[in-house]
Every structure is written in C-alpha cells, then in structure tokens.
Amino acid sequence: MGYFVLRRLTYMVLTVFGISIVAFLIIQLPPGDYLTTLAANLEKSGQGADPAYLASLRVRYGLDQSVLTQYWKWISNIVLHGDFGQSFKYGRPVSALLAERLPWTIVLGVSTLLLGWLVALPAGIYSAIKKYSVGDYVLTSFAFLGIAVPGFMVALAVSYLMFRFAGVSVGGLFSPEWVDARWNLGKVLDLLAHLWLPVLVLSLEGVGGTIRVLRANLLDELHKPYVVTARARGLTERQVLLRYPVRVALNPFISTAGWILPGLFGGEVIVAQVLGLPSTGPLLLGALQAQDMYLAGSIILIVSVLTVFGTLVSDILLAVVDPRIRSGLM
Amino acid sequence: MAIDISRRSLLLTAALVGGSSALAGCSFLSTDPEGPDEGKGNGNTGADAGAKESPMLAALVQQGKLPKLSERLPNKPLVVQPMTKPGSFGGTFRKGQIDAADGYPMRNLGRSCLAEWNLESTAPQAGLAESWDIEDGGRTYVFHLREGVKWSDGTPFTTDDLMFVHDHVLLNKTLTPQPWGWLSQQGKAVDFEKIDDHTIAFKFAAPHGLLLKFFCFPDAALGLMQPKHYLSKFHPDFTDLASLTKQAKAEAYNGWNDLFAAKNDFWLNPDRPVLGAWKIAKPAKAGGQAVAERNPYYWKVDPDGRQLPYVDRITWFFAEPETIVLRAANGDLDIGTAALTFRDMPVLLRNADKNGYRVLSWKDDAALPAISLNQNHPDTILRDLFGKADFRAALSHAINRQELNETLYVGQGIIQHPCGQAEDIYFVKGMGQRFIEYDVAKANSLLDGLGLTERDKDGFRLRLDGKKLRLELMIQQQDLVELYQLVVDYWAKVGINAFAHLIAGELWWQRVPEAKYDIACSTTETYIWDIDPGSVVPTALSAFWAPMNGVWYQSNGEQGTEPTGDIRKLQELYDQLKQEVDEAKRLELGRAILDLHDKNVWVIGTVMTPTHPMVANADLYNIREHAMESYHVGGDMATLLEQVSYEDPSKH
C-alpha cells in the first residue's frame, strides 16, 4: 500500500505539471489580453487608451514575452516562492483572493456532496428494490427533472419564488448584519439559514444521476449468488441488502467522490454567480472574462491539484471499502 | 500568502464546526451580531435637533479619540443648501453593485475636487477651491484653496498635495507613461506653480475651456487628489527604492509602482486618506460586503453649520443584475440605480409601496442603441458604400422604429439619432430627425440609386463588385440583441443581408483598434459629451463609427487614418471647443458639431429608453425626482447624497 501511494504521488506531480502547461496555454488562446480590458476601461473614463501607452504597459507586465516565458515565470514563482502572482483585475495578490474563497468552496462542496448522498442513496436503494413501483416512478421522474433543468435556472426560479412568496432576498451566505460579525451561535444559524438553498440547488443535478446509477448497479447485484447465499444463511433482508450488494453498488460513487470539488469549481460557476456565493467559481469566471491570466491560471492549477488528490483519496477509500480490490481480485 | 490560506481556512473550518478556537471567545453562544471592532457607536438617536455633528462622531470626541468639530472643519466650510429641508444625522445607505472589483461607486461618492457640479449638474461650482481666476485668456487658472481643509486622517490639505501629484506622479514616467489627456493642451502637459500654501496656478500651453467641467467628472478629477503625507511613503523620490521593492515583493506586487497604485486605491485600501464625504472602512471581500463610514473631517456643512453628510454609513452587496433587481424589489436597496433598467419598472413599481421604497424616473445618458457603420472599413467597396449618405439614409428609412418602440418600450421610447439629448446644453430641438420615418419604398429607391440593383437567388442585394453583400452587426451588450435582431429583419425586407452577432467585450476591444468590423452596435453616451467626446467626435477608439480617425487624432497624426471632409471638420471644431473659455462661443461650436451629425447621420439611432429607474427608500428626502444617471456626473451622486437624509435615521 505504501509503495502504491508513493508511486501515485510521483505521477500526480507530473500530471499537475502537464495540466498547468495546458491550462496556461488555453487561457492565452482567446484574442487579446488583460490590457484590452484595461483599454476599454480607460476609454470609458475619458482618459483615452493611447496604443503607445498600452504597449509600454505590455512591457511592464511582461505580456510582450512569449507564452512559454510567461508560463515559466508564473510556475517557477509558485513552486519556488509560493507566490501566485498578482491579479491584474483586482490589483491584489492572487493568494489573498483565493484565501478568501477557497474555504467557502470547500464548505459548499462538502455540504453538497453530503446532502446529495443523504438524499440519493436511500432513494436509489428504494428505487432498486421496489422496481417499477409508484415510488420508483416518482423518484425517477424527479431524478430526470433534476438532471434536465440547468442549475442556474433552478437558482433563478427559487430566488424569484422566495422573493414572491416569502419576501426573502436570496444571495450570499449571510444576512448583511452578519457578514462582518464575529463567529458565534447566531452567525452559524444565519449561515445555515442561507446555506441550505445553494446546497439544495447544487446537489439537485447530482442527485438524479446518483439515484439512477445506484439503482442500476444494485439491480445487477441483487440476484447474484452471493446474495442468495447470504439470504440462505438466515440474515435478515435488511442485513443482506446493506452488508453486501449496496456496498458493491457504492463503488462508482466512492471512486468519483474526489471530483466533487473540481465539479464545484467548474460546473456550478453560473449557479454561484446567480446566488452570489463567495466561492471560487465567480472569481474564475471574472478572471477568464478579464483575461486575468495569473488569477485564472492559479485557480485552474489548484483545481487540478484537488482533482488529482481527490482521485487518490477515492482510490484509497475504494480499497478500504471493497474487499475485492483490497485483496487484489479486481 | 500560501501559509495564509491554510491558516485562514483552518480557522474558518474550526469555527464552522463550532470548534474550540471560536468557543474560546466567551460570547460564542450569543445570537446577536457583534462587529469585529468595538465601540462602533451606532449614533442612530434621531433626537439630534440642534446637534452640529453626528452622534457617532460626538461620542468619539467625548472619548478623546477625535478633535472637536471646530478644529476639524475648515475656516469657511462649504455651505450646502439642502434640497427641501435640513436633515437628521445617522442611518445607513444599503447599495448594490455587480462587480466587487470595480471602484467606480467610491469614485463617485468620494467626489471632492477644486470645483464640483451644482445640485442640478448643470454648471461647476466652488469645491475645495473657494474661488478661481482665469488669466491669460484661459491659459492660466489660479485656484484659491479653502483654508483649513483636512484629509480624513486630520492632516491639512494644501497646495503641497497638488504639487506632489504634479512633480512626482504626473512627471514620473513609470506612474504616468503618457500625460493625462484632460490636463494637457496641444499635446503638452499642464504645469503647476505653487504661489503659497493655499494658492496654486495651473498653466497650459493653450487656453483650456473645459477644465472646470473635468473637475466635476469624478473619474478624471479624483486622480488629482492624492495625499502627499501618506503616498510619499510609497514613492522612491521620498523613500528608499530598495526597501520599497522589498515591501512590494513581500505584499506580492510586481514593483514599487504597483504597490503605489494599490496604496492609492481608496476603494480597497482603508488606510488611504480621502477628502470625500465617506471613506471605506471595510473593503469589498469575497461574499462579503463593503462598508464605508463618514469622513469625520468632511468640509461641508448645512446652512445651520451642521457637518455633512447626514447619513453615517454605506454598505454594498455584490450580486448579479437579476439578483440586484429582486433585492431592490424586496426593499433591500436604499438608494441606487445599479443594474436597474426600464424593463424592471413593472416589478419595481408593483412592490414599491409594500416594501417601503419609491421608484424615481431618472434618465440614462447611454440610452440610445445606435448603429455605427465603420467609416474606416479595410474593404474599400464597403468603405465607399458606408461613406455614402444615401446608403445610411436607406438603412435608416428601412427601420420600423414605431414597431420597435411598441415591442420593447411599450411605446414610451424616444425616437432619434444620437445628436445629444434633450438634457444636454448643446442639444437643439429638432436635431436627429433626418431619415427617421419608416419608408420601405424610399429605402429601396435609394439603394437602387446607389447601383445596388443586382440580387442573389434569395433576393438579397449584391455588392457593386458582384460579390454577396453580407453585413455583420457586432453587438457587445446582451440585452440589445433582441433589438438588433429586429433591425436585421427590417433590413432583409429591403434586400440587405445582415446578421446580428453578440461578441465578448474582449473580442470587441480586439477588433475595434484594427477597425475589422462592418457595423458596431452599442448604446452611445451623448450627455456632457464635451469632456468625453469619443462617441461624437473621433478623438479616440470609442468613436466606433470611425475608430482609425480617432487614433489619428489621439496620436497627433502618427498612427491611424487621417480623416477628410466633415469628419475632419468635427475634429477641428472640437479643437476650438476645448480651448474656448467663453461659454456662449463654446455652445456655438458644440452645436456646430452636433449639426454635422444631424446632417450626415454617421451614427443611425433606434429607440431610446424612456426612463431609468432610481430606487430610493421611502423614508429618504432631499432627493431629486428627475436627474440623469450619468457616468459624467457620478451616477446617483447626481442628487448629492451628502445632503440626503432619513426622516427617522434610527430605523435605518
């Protein structure tokens, strides 16, 4: 096991390095750079963006160098000095911007995962053992709706319904009076009062998929000989179900648990934008729009690291959960 | 930095699970919001009749943390007449904004320059300068500063601060690679001359007719107000360069100049002293809010000698436009126009009484979606075509504006071409009405007259060289796509093959400097355009109808394309206008410029948004019912927020 983890760690470093190059190149692909954004702003403020002035800024920020040189400057500063560079748009260090938002991204990601599983796993099991029952159809319908309707639209709809019928404004994770307050019980309660909505919206899409996958997997397992054997040995139906086939059917979720964070970074950007969540999604969107490449690059790099690391954790978990993997049968 | 992440996240996570670090604070089980800074003192007593300063400040004076009011105010404070009646101290403005990184709101609220707009935003009036003399035919302006004005940290504001900006910011090539346009004449930068601590002369190479107006334009003017005592700590002329470089590196900035810029940012740096009515107390942060508090040294009073502003505090939330509209409709926005449009009127009006706010009908200075045919098109055939007045007239006649108006603005919109608007001093009634009526027959005959008679198998007209004529409408604002799509449909009826294409702002600004597009579609700003003539006179890239002519003007003929005919005449007229000190003569020149637009219709107008909603808490007074939501007067500062007050501040 130790050797396995060590080997995986080595691969991880190489993978992240490769991803970082690709990410940086992709960010550079669209036409223009941060200075085109700046030029637009200067024009707006009546200062006028003289091409010569922009050219001098391009030199100052090193934007006239080749992409590879810029990449090298950026990555070497991160690796050697832990310096993620400066965000052009915010005029602040990238690390400070990320420090504000990463914790919230993780809170949202973990809550979404937990809520999703809490709802979807029992529903999936029910759906499988009561195949083609009314309950199964109802759950399946909800599952497909959740998959089909885009998250941002649900977010907008819920925001409007909350406003229309409850007189509550949606957005952010705290009421104004609590945003800058110290942590105490009241603040935790205020957080919970706001957190449920984005978590609900964010987990909605995943729930449908989870129910369907679990249902299908479980249906495969339910009639295998080992289930019959267990039943024959006198275990209750509940024990039979939870101890063996459900454990096996859970494999795909454990092996993808590591993707929840990158999913939240990438897939939920628009939901986070609509609901005004303090996660990294909106930050990434803004950075890409403004071609704020050090900020965008750093977010993508961190997401890659999280994905790769999450996959490792998943694999280890999988080995723990599934005796077949542990003993090298699969 | 990197270490900071883990420490913060650790603390946060610990706090979230109710971990020991938070429990250690004795008040964890409390359910009242408790600010991080003690003794904030709400000051919302409401019973302040006769008090000369906000109770919030009076408390600080009593604690010995702040000098007496008489020592904080200048010898002769600026007296502001309240619009309807004197106000009461206290309360908070809750404001909304889309982009937390944008310091625009604070630049407006921080309004403080040598001269400022009057309450009607029609003319400059005294500001930090009590008076001024215009000498030498407008080449020299001598300003007499108000004595005893202090920065928000109590340091006196003198001509030394202005000299610092001139000698160490404007003349510093690193901080200012090119001279500021508005502080230059004939390509030469201004020269400052200190006469004494409170008298300063600005000397220009040629007469400057617009200087005072520029002082009123917050986005330009606030650059001139930089505190020497604070900023010299970050400038190599005063502080050792090696230690500055070290500090810049430690705070993750590229060099001393980026450090200087960050320290000079009064939206994000609460330490930066200001002269405006409020100063940032907590800068905008992720998911959080920004908070500004009153400047205890503000230099304006009401007629009773009570220090302004009346309202103590401003908070901002940051959200998407849709969310801002919902929050406004819910009564969570005390004042502001941010992100609200004419189309939100129904939802805003429906909930106004119930949720305790009013919707004022303001106007919008960028309200007219226009069609700019690229006069500098690289394709000579198209350039010739776009240059013909008959072609522009034909396209204009082919648009059914009445129908657009009914479809998009319930018939309330204003139909005209962009030749200024009714509120602008240069506007003459009747301008911008040429080629405006819907007339398909006339459009067809004009197009036929231009020789565009050949058609392809789909019935679309061919170019003069026999190739297909296909025009791209390049659109930057998503909310305008619908309108331009309708224009495309109207044009198809006269055989013009066009398509509407929404592109990202970055792509827009990539294509404009190369003039590589057929038709640019955006709203135009034509109110107080004389300080920002870009969309009217090609003086910069923002003349989307002739960008290369703008570059030519801006680079003094070194780059771009030299204009001819009436377009060159626009530039010559503007050159005279900006040097004309005499108001009446300047008006004449400005009207001559708009007259050329009226005659040529270089930019085709569609239908203008009738009103722009401005939301105001029902408890607020001293607010203008009608005003212009304009970049040039500072957004909602058109109503001078320092003299706006709550009937009962204790409730806000």
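Any value given below was found using the heavy atoms of this structure, including those in side chains, with hydrogens, waters and symmetry copies removed.
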Report yes or no: do [X] and [Y] form a side-chain donor-acceptor pair below 3.5 Å?
{"X": "B/Asp334", "Y": "B/His652", "result": "no"}
{"X": "B/Thr524", "Y": "B/Ser535", "result": "no"}
{"X": "A/Lys187", "Y": "A/Asn184", "result": "no"}

Could you tell me whether B/Phe544 and B/Trp508 have their ring centroids closer than 6.0 angstrom?
yes
Are B/Tyr631 and B/Trp529 close enough that their ring centres sit under 6.0 Å apart?
no
What part of [X] gets closer than 4.5 Å to chain A, counting heavy atoms only: side chain, backbone, both or neither?
{"X": "B/Ala329", "result": "both"}
{"X": "B/Asn330", "result": "both"}
{"X": "B/Val512", "result": "neither"}
{"X": "B/Tyr253", "result": "both"}
{"X": "B/Thr323", "result": "side chain"}
{"X": "B/Thr539", "result": "neither"}
{"X": "B/Ala319", "result": "neither"}
{"X": "B/Asp265", "result": "neither"}

Taking side chain as everything from C-beta outward and backbone as N, CA, C, O, which of these in A/Ile78 sits under 4.5 Å from a heavy atom of chain B? Side chain, backbone, both or neither.
neither
Tell me whether the rings of B/Trp316 and B/Trp267 are parallel (<30°), tilted (30 to 60°) or perpendicular (>60°).
perpendicular
For B/Trp182 and B/Trp180, take the angle between the two ring planes, folded into 0 to 90°, and tell me which bin it lands in: parallel under 30, tilted 30 to 60, perpendicular over 60.
parallel
Who among B/Leu268, B/Thr174, B/Val347 has the most heavy-atom pairs with chain A under 4.5 Å?
B/Thr174
